[in-house]
Protein chains: 2
Amino acid sequence: MQCNSMHSCNHHGCGIGHTSENHRSCVSSVSIFNHLEDYQMDEIMKAIKSVSYKKGEIIYSAGDKSDSLYIVRRGRIRIYRLSESGKEQIVRILASGDFTGELALFRESIHESFAETMEDTDVCTITRADLQGFLLKYPSISIKILNEFSKRLDAAEKQATSFVTEKVDKRVAMFLLECMDNSSKSMEFELPMSKKDLSSYLGTTPETISRKLTEFEDAGYIRQIANRRIKVLDLEGLQLI
Amino acid sequence: MQCNSMHSCNHHGCGIGHTSENHRSCVSSVSIFNHLEDYQMDEIMKAIKSVSYKKGEIIYSAGDKSDSLYIVRRGRIRIYRLSESGKEQIVRILASGDFTGELALFRESIHESFAETMEDTDVCTITRADLQGFLLKYPSISIKILNEFSKRLDAAEKQATSFVTEKVDKRVAMFLLECMDNSSKSMEFELPMSKKDLSSYLGTTPETISRKLTEFEDAGYIRQIANRRIKVLDLEGLQLI
DNA sequence: CGTTAGGTTGAAGAAGTTCAAAGAAAGTGG
DNA sequence: CCACTTTCTTTGAACTTCTTCAACCTAACG
């Protein structure tokens with residue numbers, strides 16, 4: 001427990017105090033604020049609250065009233081949805097510098113997804129009311145957020161398209177290639193999540209993921225070094241799947 | 001051809017002149033601008049160009065440089081993507097009052113999708129440069145667009161989730177229920193697109209759509225009045241699929 | 001160090017796609 | 001407005017892909 005023994009923990013996790021060091025790192029490390037002047041950042045810092053969560057805690061659930069923007073300072077957060085028929089699907093993984101809150105931000109609304117920490121995580125939060133004030137005062141923030149949203153929208157549509165137009169083989173191969181790019185094109189890398197989570201993210205089952213990776217290994221495209229560690233042996237082969 | 005005979009038509013379709021009537025209807029009918037003061041709308045109108053397209057024309061293609069916001073004044077536009085393996089998937093259908101341009105709007109970028117008119121269509125366009133100016137000058141516009149984007153993001157993620165967690169039965173049933181809601185809960189309605197397009201939109205094939213609708217009819221949930229006309233006989237039955 | 005969660009493998013089955021062929025609707029040009 | 005062409009829709013049947021279930025194994029965690 002990271003909690004100070006003087007305080008009890010609420011269901012959302014434990015506050016870790018409001019040092020300006022904490023807040024500054026939120027404001028200055030995140031693309032939507034880090035282009036601002038120092039005095040503007042200082043102003044925003046005053047509106048920020050810092051909260052810590054332990055691994056596995058739920059930050060918000062679908063159905064919760066949403067009234068804050070969450071910025072990840074440390075740790076990782078799994079964002080997932082439940083379909084009408086109750087199946088879980090991982091939408092994205094947030095790492096430090098990323099933010100979430102979604103619809104949250106722009107009107108009185110209700111979360112459509114769940115946010116759960118994958119490891120011990122610190123987040124900074126700004127209430128919708130405060131954020132709206134900053135958006136009107138510093139229009140460039142809106143443009144940054146619009147930029148981010150448009151990227152995310154593109155990614156979501158692309159993912160939806162790949163779910164229905166590509167076979168699982170292809171989706172897995174594309175994911176591996178993306179991992180490579182994210183690890184500065186190194187041929188060897190670590191999967192950013194468990195294979196169970198990966199199966200949910202790619203819209204399939206753990207069994208199928210396991211089988212496809214084995215297939216790729218048998219075909220000589222990759223080598224599974226360890227549980228989550230993968231080495232690409234035949235880049236072109238993967239690209240052609 | 002709607003073109004004035006004095007002008008030749010470019011590959012994008014035919015301009016139909018710049019009467020302020022045309023422009024006003026774009027500005028005042030669309031949610032991102034219609035909250036503004038009259039003098040502000042007048043200013044925006046001056047930056048708008050009006051263009052008409054015939055049915056089946058391509059407004060933009062994936063790969064095109066994108067530098068404008070498009071607002072639909074009349075007609076309908078099909079937005080679709082091509083997957084890596086070349087299959088088409090319809091992302092959404094725009095009707096009058098809707099807008100597109102996407103990534104387009106907030107940075108020098110390239111279209112990821114195709115926009116094709118489904119009928120004779122008039123659009124209003126604003127260049128990115130002009131729009132950025134208005135966003136900085138009237139921050140409330142940004143908030144409107146952010147609101148719209150967050151809704152669209154939610155819809156895209158929801159769609160992606162349903163593609164991988166729901167069977168085709170369920171997706172078709174959900175679509176029919178949505179059509180009902182959009183036609184003010186009337187039990188009888190017209191499909192908003194061909195069954196071929198619908199299959200693409202729902203991530204399946206025309207054959208499967210045809211079969212599922214027949215199944216629903218056999219089960220007594222619906223009645224297919226005409227090619228695109230459907231009557232819901234058992235609402236609860238549909239909801240429980 | 002034991003318990004729990006994640007991962008693998010096989011076999012059977014369900015769901016949807018594909019291909020082919022025929023019928024219906026819509027668009028085209030005289 | 002008709003006849004023609006093209007595109008859309010439907011139906012059958014074979015086939016592919018993926019999921020599901022069950023059993024077992026392995027890694028992570030307190």
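A, B, ... follow the sequence lines: proteins, then strands. Residue 1 opens every chain.
- The side chain to side chain contact (heavy atoms under 4.5 Å, CB included) test with B:L202 singles out one residue from B:V172, B:I90, B:V168, and that residue is B:V172.
- More than 12 heavy atoms of other residues, nucleotides or ligands lie within 6.0 Å of NZ in B:K170, so this atom counts as buried by the packing criterion.
- Heavy-atom nearest nucleotides on DNA chain C were determined for B:N227 and for A:S194, and the one closer to the 5' end corresponds to A:S194.
- Judged by a 6.0 Å distance limit and a 45° cone about the ring axis, A:R152 is positioned over the six-membered ring of A:F99.
- For the pair A:D120 (side chain) and A:K55 (backbone), a donor-acceptor distance under 3.5 Å is present.
- Sorted by residue number, the members of residues 200-211 of chain B with any non-hydrogen atom under 4.0 Å from DNA chain C read B:G203, B:T204, B:T205, B:E207, B:T208, B:R211.
- Both B:K195 and A:E166 lie close to DNA chain D; mapped to their nearest nucleotides by heavy-atom distance, the more 5′-ward contact belongs to B:K195.
- Salt-bridge formation is not detected for the pair A:K54/A:E57: no Lys NZ or Arg NE/NH1/NH2 atom is positioned less than 4.0 Å from an Asp or Glu carboxylate oxygen.
- Evaluation of the side chain to side chain donor-acceptor pair (under 3.5 Å) rule for A:E188 yields A:R229 as partners, not counting sequence neighbours.
- Using a 4.0 Å cutoff to heavy atoms of chain B, the contacted part of DNA chain C runs 5' to 3' from C:dA15 to C:dG27.
- Taking the centre of each ring, B:Y70 and B:Y60 come in below the 6.0 Å mark.
- Salt-bridge check for B:D154 with A:R81: passed, with a basic side-chain N closer than 4.0 Å to an acidic carboxylate O.
- A:D169 comes within contact range of the sugar-phosphate backbone alone, with a heavy-atom separation under 4.0 Å but no base atom that close.
- Residues B:E157 and A:R92 are paired through a salt bridge, judged by an N-O separation under 4.0 Å between the basic side chain and the carboxylate.
- Taking each heavy atom of A:F149 and B:S150 in turn, the nearest pair found is CE2-CB, 3.7 Å.
- Between A:S162 and A:R171, the closest side-chain pair of non-hydrogen atoms falls below 4.5 Å.
- Within residues 212-223 of chain A, the residues having any heavy atom under 4.0 Å from DNA chain C are, by residue number, A:T214.
- A distance of 11.0 Å separates CZ in B:R228 from SG in B:C179, rounded to the nearest 0.5 Å.
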Donor-acceptor pairs are to be reported for all side-chain atoms of residues 233-241 of chain B against protein atoms at under 3.5 Å, with residues two or more places apart or in another chain.
{"residue": "B:D234", "atom": "OD1", "partner": "B:E236", "partner atom": "N", "Å": "3.4"}
{"residue": "B:D234", "atom": "OD1", "partner": "B:G237", "partner atom": "N", "Å": "2.8"}

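- Of all nucleotides in DNA chain D having an atom under 4.0 Å from a heavy atom of chain A, the first and last in 5' to 3' order are D:dT17 to D:dC29.
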